[in-house]
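Worksheet: the structure to be examined is printed underneath.
Order of the sequence lines sets the chain letters (A, B, ...), proteins ahead of strands, with each chain counted from 1.
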Number of protein chains: 2
Amino acid sequence: MSVTNPLRLEPLKAACSTCNLRELCLPVGMSNEQIERLDTLVAIRRTITRGETLFRTGDAFQSLYAVRTGFFKTCVSSEDGRDQVTGFQMSGELLGLDGISTDRHSCDAVALEDSTVCVIPYHQLEGLSHEITDLQRVFHKIMSREIVRDHGVMLLLGSMRAEERLAAFLLNLTQRLHMRGYSQSALILRMTREEIGSYLGLKLETVSRTFSKFQDEGLLEVKQRQIRILDHDALKKLVNSASC
Amino acid sequence: MSVTNPLRLEPLKAACSTCNLRELCLPVGMSNEQIERLDTLVAIRRTITRGETLFRTGDAFQSLYAVRTGFFKTCVSSEDGRDQVTGFQMSGELLGLDGISTDRHSCDAVALEDSTVCVIPYHQLEGLSHEITDLQRVFHKIMSREIVRDHGVMLLLGSMRAEERLAAFLLNLTQRLHMRGYSQSALILRMTREEIGSYLGLKLETVSRTFSKFQDEGLLEVKQRQIRILDHDALKKLVNSASC
DNA sequence: CGCGAGCTTGATGCCGATCAATGCATGTGG
DNA sequence: CCACATGCATTGATCGGCATCAAGCTCGCG
């Protein structure tokens, strides 16, 4: 293929039925037969290199995207230029749900490392979920889960202190990575301190200091973006115990 | 009816086709014919008196609810008892979307005044939106809009200062009330200072002080829960201008 | 090798939390 | 009808956590 098309301008072929993310992604809980019908829908992939955007605020909404490899952030910005990271997405997670509302995207999606996504034309998804009840059911669950997740972030932003926020963030990340077969106790952060801070409603200095504090207390080992979790329970206690 | 059933245990009849909230609620943008089919779905109403819950965290999820009259708050709580108001809902707005994800509700919905809701059995909604494409489309938009709204709240909680938060809150409330035919410049708050504070990530004293400050500056007239907006533009400027 | 983006750490200040007292409206029972 | 309780709101005094400002450090990369 690369011989006839060395520049790789031609989009890559996607196929849910042979994808190892089946259990985490849109096809979750569907039958093999149903998943094969999904293949007609999710036909192409796109690669996004680190730092590039998959879509931007204001872009016309056409498709949802399932992260296949790599890592993304989404961020909204207010008219005065303040911006806020609203989430980090890893393999199997969906991007673009915000666009359904107004047919335009209301946030930016930026790749934090070289990434590939499967393109899911939304119009076709609506059509197919008309035919496949299970697809409709799964899709609704995914949207609802996003709402529940957002409520969790509101709780974090509205009522937790810096240490609790960072602990909750790390536990959430490792839990999601663990579901994907990675270690529970070691991770490499794909985002900067500033991006973590934006997500958690903190300044980058506070994030950095809190990392250092956790390290001093023996909860973590921090080497730049390499994190090792030494005391999982202590982090959990931080999140779950009352702030006062 | 009340003769045969003086205790009113029998649910009230609902009907989207004769409802004046058509344009704000689930039927938005649907044809008259389609709305009549909705009537078969949205058949009963429930009344909830002030202070009571429509559903609680952990309750089995059966139905969505459309607020017909009254006012609600939704709140999530963490294991240690901290809780966070995640939204305020007024007529035409949907409650219960959080439940779709896990078949259990993940927040409490509490009536802040005597209220009535239309009960929308979710299973039937899924079925009907299978038949009526426009219903599916609208429903997806409503869920997406909720996600976008939540992102806005994250921006507020993550990057705004107390005055900006309260200004944004008041403008949002009056804008929604205005769509329902109420004044743009006067409103009665249905929630306490503490509930506002919880929603905005502030303590009730801070909310109170900020109200007083706005009053001193001539932006508002505050008499307990009666608010009059004297300088709409100044509030808007507060929200939209950079914090530094 | 040296530049620059990102990270760490220190000093200081401010916004909002906390603690505490008072005020105000509503409701209830004597 | 008044006395009192109760829930909510206001206001003041003080405190603390995080932001801000500033200076160096680390590491990857051209």
Given atom [atom1] of [X] and atom [atom2] of [N], what is their separation to the nearest angstrom?
X: A:Gln226; N: C:dG6; atom1: CD; atom2: P; result: 18 Å
X: A:Leu166; N: D:dC18; atom1: CG; atom2: C1'; result: 14 Å
X: A:Lys223; N: D:dG28; atom1: NZ; atom2: C1'; result: 17 Å
X: B:Lys203; N: D:dG16; atom1: NZ; atom2: C1'; result: 14 Å
X: A:Glu194; N: D:dC18; atom1: CD; atom2: P; result: 18 Å
X: A:Arg190; N: C:dG6; atom1: CZ; atom2: C1'; result: 16 Å
X: A:Arg161; N: C:dA17; atom1: CZ; atom2: P; result: 13 Å
X: B:Arg165; N: C:dC15; atom1: CZ; atom2: P; result: 14 Å

Toward the 5' end of DNA chain D, by each residue's nearest nucleotide, B:Arg209 or A:Met160: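 By nearest-heavy-atom nucleotide position, the 5'-most residue is B:Arg209.
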Check: B:Glu163 side chain, C:dC15 base, donor-acceptor under 3.5 Å: no
hbond_proxy B:Glu205 side chain to C:dC19 base (donor-acceptor, 3.5 Å cutoff):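 Pair found.
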Scan [X] against the nucleic acid and name what it touches under 4.0 Å (heavy atoms): base, sugar-phosphate only, or nothing.
X: A:Gln224; value: sugar-phosphate
X: A:Leu204; value: base
X: B:Ser208; value: base
X: A:Gly201; value: sugar-phosphate

Proximal nucleotide (of [options]) relative to the [X] side chain:
X: A:Ala162; options: D:dC18, C:dT8, C:dA20; result: D:dC18
X: A:Arg225; options: C:dG6, C:dT9, D:dA9; result: C:dG6
X: A:Thr192; options: D:dA19, D:dC21, C:dG6; result: C:dG6

salt_bridge(A:Glu93, A:Arg180) N-O dist < 4.0 Å: yes
From B:Ile188, B:Leu173, B:Leu187, residue fulfilling side-chain contact (heavy atoms from CB on, under 4.5 Å) relative to B:Ile227: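 The passing option is B:Leu187.
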Below 4.0 Å: OP1/OP2 of D:dT10 and any side-chain N or O of B:Ser212: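 No, outside the criterion.
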Ring geometry between A:Phe61 and A:His105 (parallel below 30°, tilted from 30 to 60°, perpendicular above 60°):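 Taking A:Phe61 first and then A:His105, their aromatic rings stand perpendicular (interplane angle over 60°).
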Minimum heavy-atom distance between B:Glu164 and B:Leu238, given as atom pair plus value: CG-O, 3.4 Å
Minimum heavy-atom distance between A:Thr206 and A:Ala162, given as atom pair plus value: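 Smallest interatomic distance, heavy atoms only, reads CG2-CB, 3.9 Å.
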